[in-house]
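In what follows, a structure is listed as structure tokens, so that the remarks can point back to it.
A, B, ... follow the sequence lines: proteins, then strands. Residue 1 opens every chain.
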Protein chains: 2
Amino acid sequence: MWTDEQQREPGGHASDGPRRRATIHDVAQLAGVSRQTVSRAVNDKGEIDPDTKARVLEAVRMLDYRPSRFARGLVRKGTVTAGLVIPDLMNPFFPEVAAGVLEAAEERGWQVVVWDTRTDGAKEREALGVLSHQADAVMGYFKNDDEVLARYLGGLPLVLLERGPQQTRFAAVGIDAAAGLEQGIAHLVRAGHRRIGMLDGDRLTPGPRREAFLAEVRRHGLPVDDGWIAMSDGHGVAGGEAAMEQLLDARPQLTAVFGFNDLIAVGAIRAARRRGRRVPEDLAVLGFDGLSLGELVEPALTTLRLDKRRLGRLAVEQVARLRAGEKPLTGADAWVAPELVVRASA
Amino acid sequence: MWTDEQQREPGGHASDGPRRRATIHDVAQLAGVSRQTVSRAVNDKGEIDPDTKARVLEAVRMLDYRPSRFARGLVRKGTVTAGLVIPDLMNPFFPEVAAGVLEAAEERGWQVVVWDTRTDGAKEREALGVLSHQADAVMGYFKNDDEVLARYLGGLPLVLLERGPQQTRFAAVGIDAAAGLEQGIAHLVRAGHRRIGMLDGDRLTPGPRREAFLAEVRRHGLPVDDGWIAMSDGHGVAGGEAAMEQLLDARPQLTAVFGFNDLIAVGAIRAARRRGRRVPEDLAVLGFDGLSLGELVEPALTTLRLDKRRLGRLAVEQVARLRAGEKPLTGADAWVAPELVVRASA
DNA sequence: TTGTAGGCGTTATCAT
DNA sequence: ATGATAACGCCTACAA
């Protein structure tokens, strides 16, 4: 396992606690050269005698010297650190967005520090408070409103991912829920459904998905009212199951439901089947997100697939624009539109 | 959407490109005070006249001033940044480990910068190269061997997550595969299985899971040979499907298979059923990891569940020990042991 | 090849 | 309540 061969304390002592970190000065002293020479050795600059270099490097090892990233950053500009704030790493949707962010960030040579707020408003603010000092920009999902965000942000550029109902004064990357629901509802209608309910994930205010859902349903002249919409507690499978059961009790006449996201939709499938309803024969289920998980369940989930990676990449691009002093993308350029993927559940 | 109300360039100009960032000096000048006073105003120190403070803050806003994190870090110690290197964010296993890391890191007031290497050795090295300059420690999954890691690490503390077969000279957090397989194989044997195959995920060298598998199978006096082990290409569902098909062709006499991880096991289930084999009646499938996805597939996956969050937390603790100059945990203290979760597939 | 001087942007300390 | 001065640790000139 572990030996003290490689990982040792400065000076080779193992257990006298953390001591002051060695500086370039210490190394210079121990090697009997100037700080400049140490710098040259450490940074592989030319113009240095191989012997002295070796001597310096030896001193570096002995003292376990590593250049201070702060001192370095002060003098070599160009290190960009972006913050990424995510509500729930356990929901497969977000790791995929994060993957897009990481990918695009790496291409630009940026670093990304990640926070998981667990959908907790207080944690959001904490994250922002820290990042406002440590990052050059932030992107992420927030439930706090603009004003609060601005307060904790202290002027840092911010890119909102999928800002819900509210307009925002920040740059944003959004989802074209309307375009998605248009396809989704059309598909259900085409299959003969006339009584379509929804399992919503936004408890407080109706979000874009619900509004798009209502708009589409009405556009097709179908009946619908608030009673046809059940609220999921959380964005997970369990929430979807509970909401579906509730809806099954309250509105047994529904023949199809639209789930706020795939997790909730999967929960709906499970609940329905447990109640003896066949999916899709007795109840069709339509999801939203396009998680790969949807291909694995039975019946496989018909859903409105989002390019989540692209969402992340787009966020990085927005940040880049902000940093460059350009105007961020707006409207359709800053949207990603879902695409209907028909599988077995609807 | 976006207005230039909040997010504007220094001075309010919008499109003359990025200009030099304002420093504390600029603010001091504009406000007609000393840098020190600016610092006081910005950091909410006492001992400052409310009026001057207001004036300074106004100047701050006008110039869009934000303190340099480098200069600050130089003078205020204590900011810890850890690197987290992960092979594949799309595999639900890793986000959960990451969640544990993030959680524990937050408790300590650390930041975490995340890299996704996509199981690419070169990306690993790139990540290490960057992190060696920008982080105070690194934890993660690596396929490069110790020597290479050390070279790119430049003396930075490293904690390996689940170092495969090889011993390592670095601190590590491991999985007690043997303890897991003991339970798993016992369960299969109890159910009457005598011909158990495996779908392995480690192509090159046999990893701990395969070795534990072989050891247990032999301990029970069961037959087994290399032909009973198929290699999955990648750690995903598709790899599992292909490997299972191959095994089904080559060794149709098998009545049970152990999957390297849950994704592969799920693939196995799918492939088997597609071939008309009933699971678990004709073929029992045992997974490893305990992803929540396993509860959603059909039949639900019997698996050796790991506390992935704890894995992440443990890694952070190891890093903390290293930083404190203490010896890292070793042996069983640095392991997490799987727990058999019996569901429908075996 | 090596060393010296100066500055990067901030905060702490000590005066005023 | 405010300002001057000196670090913090490193790097880029420039000089030797």
| request: Look at the side-chain N and O atoms of A:S39 and state whether any lies under 4.0 Å from the OP1 or OP2 oxygen of D:dC10. | output: no

| task | Scan B:R40 against the nucleic acid and name what it touches under 4.0 Å (heavy atoms): base, sugar-phosphate only, or nothing. | result | base

| task | Would you indicate whether the side-chain heavy atoms of B:W115 and B:L131 approach each other to under 4.5 Å? | result | yes

| Rounded to whole angstrom units, what separation is found between the CG atom of A:N43 and the P atom of D:dT12? | 7 Å

| field | Nearest-angstrom distance from the residue atom CZ of A:R55 to P of C:dT2 | value | 8 Å

| field | Rounded interatomic separation in angstrom, taking NZ from B:K45 and C1' from C:dT11 | value | 8 Å

| Taking only side-chain nitrogens and oxygens of A:T37, does any of them come within less than 4.0 Å of OP1 or OP2 of C:dG3? | yes

| field | Worked check of side-chain hydrogen bond (donor to acceptor under 3.5 Å, both in side chains) between B:D88 and B:T119 | value | CA-CA 7 Å; B:D88 180 15; B:T119 333; 5.6 Å; no

| Short N-O contact, B:R61 and B:E58, less than 4.0 angstrom | yes

| What's the CD1-C1' distance between A:I48 and C:dG3, to the nearest Å? | 12 Å

| query | For the pair made of CZ in A:R69 and P in D:dC11, what is the distance, rounded to whole Å? | reply | 15 Å

| field | Under 3.5 Å side-chain donor-acceptor pair for A:R69 and B:T81 | value | yes

| A:E147 atom CD: more than 12 heavy-atom contacts under 6.0 Å | no

| task | Would you indicate, yes or no, if D:dT2 has its OP1 or OP2 atom less than 4.0 angstrom from a side-chain nitrogen or oxygen of B:T52? | result | yes

| field | Under the 3.5 Å Watson-Crick or G-U criterion, the dot-bracket string of DNA chain D, with | for inter-strand pairs | value | ||||||||||||||||

| How would you list, by chain and number, every residue that makes a side-chain contact (heavy atoms from CB on, under 4.5 Å) with B:H133, sequence neighbours excluded? | A:R72

| said: What I want to find out is whether A:E96 reaches A:R309 closely enough, with some N-O distance under 4.0 Å, to be called a salt bridge. | reply: no

| query | Any side-chain heavy atom of B:D116 sitting closer than 4.5 Å to one from A:E103? | reply | no

Quick test: give all pairs of protein nitrogen or oxygen and nucleotides 5-9 of chain D nitrogen or oxygen below 3.5 Å, distance rounded to 0.1 Å.
residue, atom, partner, partner atom, Å
D:dC8, O3', B:K77, NZ, 3.2

